[in-house]
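Residue numbers start from 1 in every chain, and the chains themselves are labelled A, B, ... in the order their sequence lines are given, proteins ahead of strands. Everything numeric here is computed off the predicted structure, so don't read it as measured data.
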2 protein chains.
Amino acid sequence: MNQFGEQIRLLREQCGLLQRQVASQVEMDIPMLSKIERGERNAKREQVTTFSKIFNFPEDELLSLWLADKVFEVIKNEDVALKALSVTENELRKMKMLSENSH
Amino acid sequence: MNQFGEQIRLLREQCGLLQRQVASQVEMDIPMLSKIERGERNAKREQVTTFSKIFNFPEDELLSLWLADKVFEVIKNEDVALKALSVTENELRKMKMLSENSH
DNA sequence: CTATATTTGTCAATATCTGGCAACTCTATT
DNA sequence: AATAGAGTTGCCAGATATTGACAAATATAG
């Protein structure tokens with residue numbers, strides 16, 4: 001439900017860093033980092049990259065968690081959540097196939 | 001990419017209705033319906049229900065398309081789009097299992 | 001040319017997001 | 001019990017985005 005923030009906190013603790021130290025590197029204030037770790041606010045796209053560099057952790061992994069949180073936010077209250085995901089997935093695959101055939 | 005709007009338009013045409021006629025039932029103006037059909041604007045949650053009633057078409061189907069469009073909007077620009085979807089899917093299943101066990 | 005259907009562009013009002021700060025809690029130290 | 005450091009909570013003003021509404025443009029058919 002807040003996979004990105006949890007991962008960030010985990011990585012920060014594994015690196016033995018304080019919020020103060022990480023926050024300054026990402027150029028945000030400490031309360032903001034606290035909120036991101038607890039899922040009260042979303043990080044910005046560029047900050048995901050910065051986090052991955054600070055913790056030397058694959059950006060794709062972080063990005064997936066960050067996106068997943070945003071997707072979850074969209075569908076969480078609907079019964080057809082899972083169905084909607086698979087509709088999106090199909091559409092995405094269709095698009096990918098089209099773009100692959102065109103070059 | 002605009003699955004909801006396309007479906008709405010299709011249903012409207014199958015019912016032989018004009019935008020003017022549908023718009024008044026959904027209580028929106030005609031330009032707005034036009035934009036929704038072309039994916040330039042999003043319908044509101046309640047309007048999805050209204051559409052399903054007007055066209056006598058399963059709400060779940062429409063809702064899935066409507067949600068899928070919103071999800072697509074979130075992930076469309078990222079390489080890890082598909083991966084992010086499966087992360088969300090797993091999280092969703094996990095939640096569902098937890099809530100099923102508690103009653 | 002006229003009428004009707006649809007699309008496009010624009011704009012103010014409203015809602016949402018963002019960054020930043022002050023104040024608070026909690027824990028450990030002296 | 002006072003101080004200090006780490007993290008949290010609440011709040012607010014400025015920036016951004018979304019919305020509904022309307023006028024005008026385009027398209028199509030008679």
State whether [X] and [Y] are salt-bridged, where the test is any N-O pair (Lys NZ or Arg NE/NH1/NH2 against Asp/Glu carboxylate O) under 4.0 Å.
{"X": "A:E37", "Y": "A:R12", "value": "yes"}
{"X": "B:E73", "Y": "B:K70", "value": "no"}
{"X": "A:R9", "Y": "A:E6", "value": "no"}

D:dT8, C:dT7, C:dG20: which one has an atom nearest the side-chain heavy atoms of A:Q19?
->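 It is D:dT8.
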Going by distance alone, is a donor N or O of one side chain under 3.5 Å from an acceptor N or O of the other, for B:R20 and B:S24?
->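 No, B:S24 and B:R20 have no side-chain donor paired with an acceptor closer than 3.5 Å.
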No-hydrogen, no-angle side-chain donor-acceptor test under 3.5 Å, B:Q7 and B:E61 |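 The answer is no; no qualifying pair exists.
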Heavy atoms only, 4.0 Å cut-off, all strands: where does [X] land among base, sugar-phosphate and nothing?
{"X": "B:R38", "value": "base"}
{"X": "A:R41", "value": "base"}
{"X": "A:K44", "value": "sugar-phosphate"}
{"X": "B:M32", "value": "base"}
{"X": "A:L33", "value": "nothing"}

[X] vs [N]: side-chain N/O to OP1/OP2 distance below 4.0 Å:
{"X": "A:S34", "N": "D:dT8", "result": "yes"}
{"X": "A:R12", "N": "D:dA6", "result": "no"}
{"X": "B:R9", "N": "C:dT7", "result": "yes"}

Toward the 5' end of DNA chain C, by each residue's nearest nucleotide, B:L18 or B:K35 = B:L18
Between atom [atom1] in [X] and atom [atom2] in [N], what is the gap in whole Å?
{"X": "B:N42", "N": "D:dG20", "atom1": "CG", "atom2": "C1'", "value": "14 Å"}
{"X": "A:R20", "N": "D:dA4", "atom1": "CZ", "atom2": "P", "value": "15 Å"}
{"X": "A:I30", "N": "D:dT8", "atom1": "CD1", "atom2": "P", "value": "11 Å"}
{"X": "A:E13", "N": "D:dA6", "atom1": "CD", "atom2": "P", "value": "14 Å"}
{"X": "A:D29", "N": "D:dA6", "atom1": "CG", "atom2": "C1'", "value": "14 Å"}
{"X": "A:E37", "N": "D:dT8", "atom1": "CD", "atom2": "P", "value": "7 Å"}
{"X": "A:M28", "N": "D:dT8", "atom1": "CE", "atom2": "C1'", "value": "16 Å"}
{"X": "A:L17", "N": "D:dA6", "atom1": "CG", "atom2": "C1'", "value": "14 Å"}

For salt bridge (Lys or Arg N to Asp or Glu O under 4.0 Å), just list the numbers for B:R45 and A:E78, CA-CA rounded to whole Å, side-chain angles, deciding distance to a tenth of an Å, and then say yes or no.
-> CA-CA 10 Å; B:R45 173 65 182 83; A:E78 299 289 349; 2.8 Å; yes
Taking atom CD of A:E27 and atom CD of A:E46, what is their separation to the nearest 0.5 Å?
->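 So the gap between those two atoms works out to 10.5 Å.
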Got a second to check how far B:F51's CZ is from B:L63's CG, nearest 0.5 Å?
-> 13.0 Å
Counting primed atoms, P, OP1 and OP2 as sugar-phosphate and everything else as base, the B/S/- map of nucleotides 23-30 of chain D against protein heavy atoms under 4.0 Å is B-------
